Amino acid sequence: MSELVSIRGLTVGFGGSLALRGIDLDIGPGEALGLVGESGCGKSVTWLAALGLLPARARVSGSVRLGGAEILGAAPAVLDRVRGGRVAMIFQDPASSLNPVHRIGRQIAEALGLHQGLRGAAARKEARRLLDQVGIPDAGRRLDAYPHELSGGQNQRVMIAMALAGRPELLVADEPTTALDVTIQAQILELLGALRRDLGMALVLISHDLGVVADTCERVAVMYAGRIVEAAATARLFAAPAHPYTQGLLGALPPVDGPRRPLAAIPGGVPEPWAMPPGCAFAPRCPQRLPACTEGLPAAVALGPQHSAACLRAARELVPA
Amino acid sequence: MLRFLGFRLLRAAVTIVLVVSFAFLVLRLSGDPAQIIMGADAPPEAVAAFRQAWGLEEPLYVQYLRYFGAILRGDLGRSMRDGREAITLVAERIPATLALTVPALLIKLCIGIPAGITAALHRNSLIDRAVMVLAVAGFTVPSFVLGLLLVLVFAVQLGWLPSGGQDSWRHAILPIVTMGVGGAAVLARFTRSAMLEVLGQPYIRTASAKGVPWRAVVWGHALPNAAIPTVTIIGFMVGSLIAGAVVVESVFSWPGVGRLLVVAVANRDLAVVQCILLLVAATMVTANLVVDLLYGALDPRLRNAVRGA
Ligand SMILES: Nc1ncnc2c1ncn2[C@@H]1O[C@H](COP(=O)(O)OP(=O)(O)OP(=O)(O)O)[C@@H](O)[C@H]1O
Ligand code: SF4
Ligand SMILES: [Mg+2]
């Protein structure tokens with residue numbers, strides 16, 4: 001396979017409970033993947049675990065291959081080269097994600113020094129170019145600003161510039177717009193989409209909102225309670241969602257056109273990691289539950305090219321008895 | 001910046017005036033210096049003459065105004081015991097106190113800060129627990145108890161070091177260790193919690209996520225942030241260089257400012273007590289001022305506030 005990143009059976013435990021219960025996920029070179037699910041389903045933990053960024057007490061197992069080479073549990077020196085250099089990550093709250101006591105230029109230059117060997121004036125010049133590229137006005141002067149002197153949207157642009165400094169093959173954007181105003185959200189998403197096209201890098205866009213990933217991503221993976229329950233090309237997922245949870249998420253989306261109707265939110269809440277129901281974790285909230293659903297974990301089944309879902313009913317409908 | 005400085009200086013001055021006024025009142029309301037200095041069985045005429053000589057029979061507010069007038073002229077009064085200038089008496093003792101407090105401060109910094117950082121970096125490890133147990137012990141055991149323990153072990157039992165006095169550098173070891181250990185414990189706890197707080201911040205994760213090696217994350221990203229709260233406590237320690245040795249000087253009969261203060265209070269030697277308290281307040285307030293300015297240097301978020309104020 002020519003996947004850029006290949007995650008298999010990724011499992012993460014905190015204390016007695018599992019936050020991830022076997023994640024399988026592939027990202028091709030240059031691909032844009034949306035990773036969607038309710039709060040706490042494990043979207044962030046998936047990528048923090050993949051890059052070795054979880055605290056030591058997290059128990060991580062499985063496999064994460066980058067360009068064919070295993071990086072889960074790799075030596076610190078190897079991981080330091082991967083992080084920022086091949087896979088960069090930006091986070092939800094840009095204001096607290098930048099170091100408050102260092103100037104922005106210095107924080108970008110640090111990444112340039114680590115991954116491109118640039119120092120001094122060369123690093124400064126390149127940092128300035130990156131700030132230009134992410135659309136920060138007056139980039140030359142902004143290099144000497146501190147994060148608290150910029151707005152949230154500008155700080156997120158700085159985070160993106162810093163992520164680009166290592167010329168990564170994959171950028172993981174973990175809810176990059178959640179903390180921002182609606183108008184700024186759209187600008188940041190547009191910027192991410194444009195950068196991906198221009199630079200040919202792959203993008204994982206994490207969000208709890210299907211609407212956010214729809215325009216930017218070619219493919220979407222839906223997570224629920226530490227597992228991926230459905231993955232498909234974006235158009236297909238929106239047209240023919242197979243998993244009842246995905247159907248529920250789509251029902252909760254306001255229609256783009258047509259009359260506004262009340263959102264059909266999914267009743268009930270996400271099960272706590274320490275109180276997972278047996279069988280399908282979505283069963284307690286599932287309107288299409290079958291008796292067999294609580295008996296065993298439904299395996300992911302292929303429903304078409306690039307389309308899979310972990311749902312008993314979807315599997316049965318595929319092969320009519 | 002200038003306005004900020006001016007405001008701070010004004011506040012410092014007010015603090016000093018309040019401390020000195022409080023001392024003035026308490027000293028005069030808590031016993032008659034004339035009676036204490038002359039002795040309980042002194043003839044009444046002699047006591048009255050003493051009062052007359054030192055202006056003690058005048059109303060309190062007159063004494064108070066006179067006292068402040070003198071301070072403004074740079075006159076801190078004379079000892080009622082031997083008539084020498086209070087400032088001279090105090091100044092004579094300062095080197096002895098600094099001989100204890102400065103090395104003790106170095107111990108606090110050189111042990112407390114690395115211990116706190118190490119504990120935070122290896123949270124819940126054996127090292128962390130050991131540091132914390134020692135820190136809590138050093139923090140809770142009062143310095144006179146620790147001092148007496150050290151005397152028992154190293155002076156009485158082992159006979160390695162003298163238990164009191166000021167004849168050689170060996171006499172200084174036990175008092176310095178007594179002060180240094182307690183302060184190092186406080187600083188270790190403080191540094192550890194400041195460091196833990198910072199290590200949990202999102203920007204530390206960002207630094208790791210962009211490929212900064214862990215050592216560089218700690219030195220370049222965590223420590224400069226953890227230094228900000230730690231400077232407060234270090235400033236307090238620097239501020240107590242003069243006055244921080246009262247207990248230890250008494251335990252080890254070390255002739256420093258602290259012991260002079262104890263004796264002067266017992267004797268109601270008003271000018272000497274007030275002179276020491278003035279000095280203490282001034283060093284504390286100065287240290288605070290330096291801390292405030294350091295904040296601005298360490299934390300760009302405060303720098304603007306400092307400039308704007
Ligand atoms: N450092 C941690 N220690 C203990 N539990 C954690 C830690 N990080 C995450 N978890 C737990 O792992 C689960 C998944 O968390 P994660 O942050 O991946 O959710 P998420 O899908 O990113 O949600 P959100 O949309 O709120 O960011 C949650 O139950 C969370 O409580
Ligand atoms: S497996 Fe069963 S309970 Fe789970 S989503 Fe499918 S139909 Fe619903
Ligand atoms: Mg998250």
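Lettering follows sequence order; numbering is per chain, from 1. Just so it is clear, the structure is predicted and the values come from calculations on it, not from any experiment.
- Counting heavy-atom pairs closer than 4.5 Å to chain A, the top residue among B:Pro224, B:Gly220, B:Ala216 is B:Gly220.
- In A:Arg141, the CZ atom is not crowded: 12 or fewer heavy atoms of neighbouring residues, nucleotides or ligands sit closer than 6.0 Å.
- Within 6.0 Å of atom CH2 in B:Trp214, more than 12 heavy atoms from other residues, nucleotides or ligands are found, so the atom counts as buried in its surroundings.
- Heavy atoms of A:Pro100 lying under 4.5 Å from chain B belong to its backbone as well as its side chain.
- Residues B:Asn225 and A:Val101 share a closest heavy-atom pair of OD1-CG1, 3.3 Å.
- Ranked by heavy-atom pairs shorter than 4.5 Å toward chain B, the options A:His115, A:Arg81, A:Arg103, A:Met89 are led by A:His115.
- Heavy atoms of A:Ile90 lying under 4.5 Å from chain B are absent altogether.
- Interface summary for chain B: among A:Gln107, A:Glu110, A:His102, the most heavy-atom pairs under 4.5 angstrom belong to A:Glu110.
- A distance of 10.0 Å separates CD in B:Gln201 from CG in A:Asp93, rounded to the nearest 0.5 Å.
- Rounding to the nearest 0.5 Å gives a distance of 8.0 Å between CG of A:Asp80 and OG of B:Ser208.
- Heavy atoms closer than 4.5 Å to chain B are found nowhere in A:Gln92, neither backbone nor side chain.
- Only the side chain of B:Ile228 has a heavy atom closer than 4.5 Å to any heavy atom of chain A.
- The CE atom of A:Met162 sits 4.0 Å away from the NZ atom of B:Lys210 when rounded to the nearest 0.5 Å.
- Sparse packing is recorded around CZ of B:Phe236, with 12 or fewer heavy atoms of other residues, nucleotides or ligands lying under 6.0 Å away.
- Because its NZ or CZ atom is both nearer than 6.0 Å to the ring centre of A:Phe91 and within 45° of the ring axis, B:Arg205 counts as a cation-pi partner of that residue.
- Contact detail for A:Ser97 and B:Thr206: the closest heavy-atom pair is O-OG1, 2.7 Å.
- The part of A:Leu98 that comes within reach of chain B is its backbone (N, CA, C, O), which places non-hydrogen atoms under 4.5 angstrom from that chain.
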